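It should be emphasised that the depicted structure is a prediction, and the values quoted were computed from it without experimental measurement.
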Amino acid sequence: MITEEDKKFIEKAIALSEEGMNNGAGGPFGAIVVKDGEIIAEGYNQVTSANDPTAHAEVVAIREACKKLNSFQLDDCVIYTSCEPCPMCLGAIYWARPKAVFYGCTKEDAAEIGFDDQFIYDEIDGGIENRSIRFINVGREAGKAIFDKWKVKEGRIEY
């Protein structure tokens, strides 16, 4: 069920998408993180202004929220974003573990204005050996040795 509060929060995310677009920060995407009915973080796309391909609205908002909460997870939080998250943001959202995500535009809407992420889904589905960027496996045994140490490390924080 979508509440009036949800509508208010998605309107804020959409307003942020316009703000970022108009101030030259980047593409037309905005996001907020809400906990207990209050906005604790917000962000808009800053890819071109920060020269950071990871500075999508959702990632910016997640980073800010995690700092404020002093946690790497967004327990009991909800993300509102102006557009269905791209594969990178989707991954960040799953790692952050909010309880829900509300979104405005769909990925098809984004593709219509030149933000088409389908090629990333195709790359994942096509297998590592068929990717357009070469992925070369090297140093696996040395890396696995560190993984083995992690498995037995005392006091590690699970996530």
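- Residue V59 is not grouped with residue I93 when hydrophobic side chains (ILVMFWY) are merged at heavy-atom distances under 4.5 angstrom, including chains of intermediate members.
- The environment of E38 atom CD is sparse: at most 12 non-hydrogen atoms of other residues, nucleotides or ligands sit within 6.0 angstrom.
- Between atom CD1 of residue I146 and atom CD of residue E141 there is a gap of 12.0 Å, rounded to the nearest 0.5 Å.
- D109 CG to F115 CZ: the interatomic distance, rounded to the nearest 0.5 Å, is 13.0 Å.
- Side-chain atoms of Q118 and D122 form a donor-acceptor pair, as typed in the model, at a separation below 3.5 Å.
- Using a distance-only test at 3.5 Å, with no hydrogens or angles considered, a donor-acceptor pair links the side chain of S49 to the main chain of A25.
- A donor-acceptor pair shorter than 3.5 Å cannot be found between the side chains of S71 and Q73.
- Contact between C89 and E58 at its shortest, heavy atoms only, is SG-OE1, 3.3 Å.
- Linking Ile, Leu, Val, Met, Phe, Trp and Tyr residues whenever their side-chain heavy atoms come within less than 4.5 Å places I32 and I14 in a single cluster.
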Worked check of side chain to side chain contact (heavy atoms under 4.5 Å, CB included) between F72 and Y159: CA-CA 9 Å; F72 57 88; Y159 57 98; 3.1 Å; yes
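- Residues E84 and T106 have side chains that never bring a donor and an acceptor to within less than 3.5 angstrom of each other.
- Side-chain atoms of R131 never come within 3.5 Å of backbone atoms of G126 as a donor-acceptor pair (strictly under, hydrogens ignored).
- For the pair S17 and Y44, the minimum side-chain heavy-atom distance is 4.5 Å or more.
- K12 is listed as a side-chain neighbour of I39, based on a closest heavy-atom distance under 4.5 Å.
- With values rounded to the nearest 0.5 angstrom, S82 atom OG is found 8.5 Å from L16 atom CG.
- The side-chain heavy atoms of R140 and F147, taken from C-beta on, include no pair separated by under 4.5 Å.
- For the pair V34/Y80, a side-chain contact is recorded, criterion being any heavy-atom separation below 4.5 Å from C-beta on.
- Atom CD of E154 sits in a sparse spot, with 12 or fewer heavy atoms from other residues, nucleotides or ligands closer than 6.0 Å.
- Separating the CD atom in E19 from the CG atom in N45 is a distance of 13.0 Å, to the nearest 0.5 Å.
- Both I40 and I62 belong to a single network of hydrophobic side chains, linked directly or stepwise wherever heavy atoms of I, L, V, M, F, W or Y lie under 4.5 Å apart.
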Verdict with reasoning, L69 to K35, per side chain to side chain contact (heavy atoms under 4.5 Å, CB included): CA-CA 10 Å; L69 295 173; K35 185 169 185 167; 4.1 Å; yes
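- Closest heavy-atom contact between A65 and A41: N-CB, 3.4 Å.
- The shortest side-chain heavy-atom distance between E4 and K8 does not fall under the 4.5 Å cut-off.
- Atom-to-atom distance recorded for L90:CG and K107:NZ is 9.0 Å, nearest 0.5 angstrom.
- The closest side-chain heavy-atom distance from C86 to H56 is below 4.5 Å.
- In the hydrophobic clustering of ILVMFWY residues, with side-chain heavy atoms under 4.5 Å counting as a link, Y103 and I2 come out apart.
- Annotation for S132 and E123: closest pair N-OE1, 2.9 Å, computed over non-hydrogen atoms.
- When atom types are taken as modelled, the side chain of R156 and the backbone of W150 share a donor-acceptor pair closer than 3.5 angstrom.
- Q46 places no side-chain N or O within donor-acceptor distance of the main-chain N or O of D52, the cut-off being under 3.5 Å.
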Derivation and outcome, salt bridge (Lys or Arg N to Asp or Glu O under 4.0 Å), residues E64 and K68: CA-CA 6 Å; E64 182 182 329; K68 285 187 178 175; 3.2 Å; yes
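- Between the side chain of D148 and the main chain of A145, no donor-acceptor pair closer than 3.5 Å is present.
- Closest approach of A31 to A61, counting heavy atoms only: O-CB, 3.9 Å.
- In the hydrophobic clustering of ILVMFWY residues, with side-chain heavy atoms under 4.5 Å counting as a link, V78 and I10 come out together.
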Evaluation steps, side chain to side chain contact (heavy atoms under 4.5 Å, CB included), between M88 and T54: CA-CA 8 Å; M88 177 185 70; T54 69; 4.0 Å; yes
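- In this structure, K7 is not positioned above the aromatic face of F102 in the sense of NZ or CZ being under 6.0 Å from the six-membered ring centre and within 45° of the axis.
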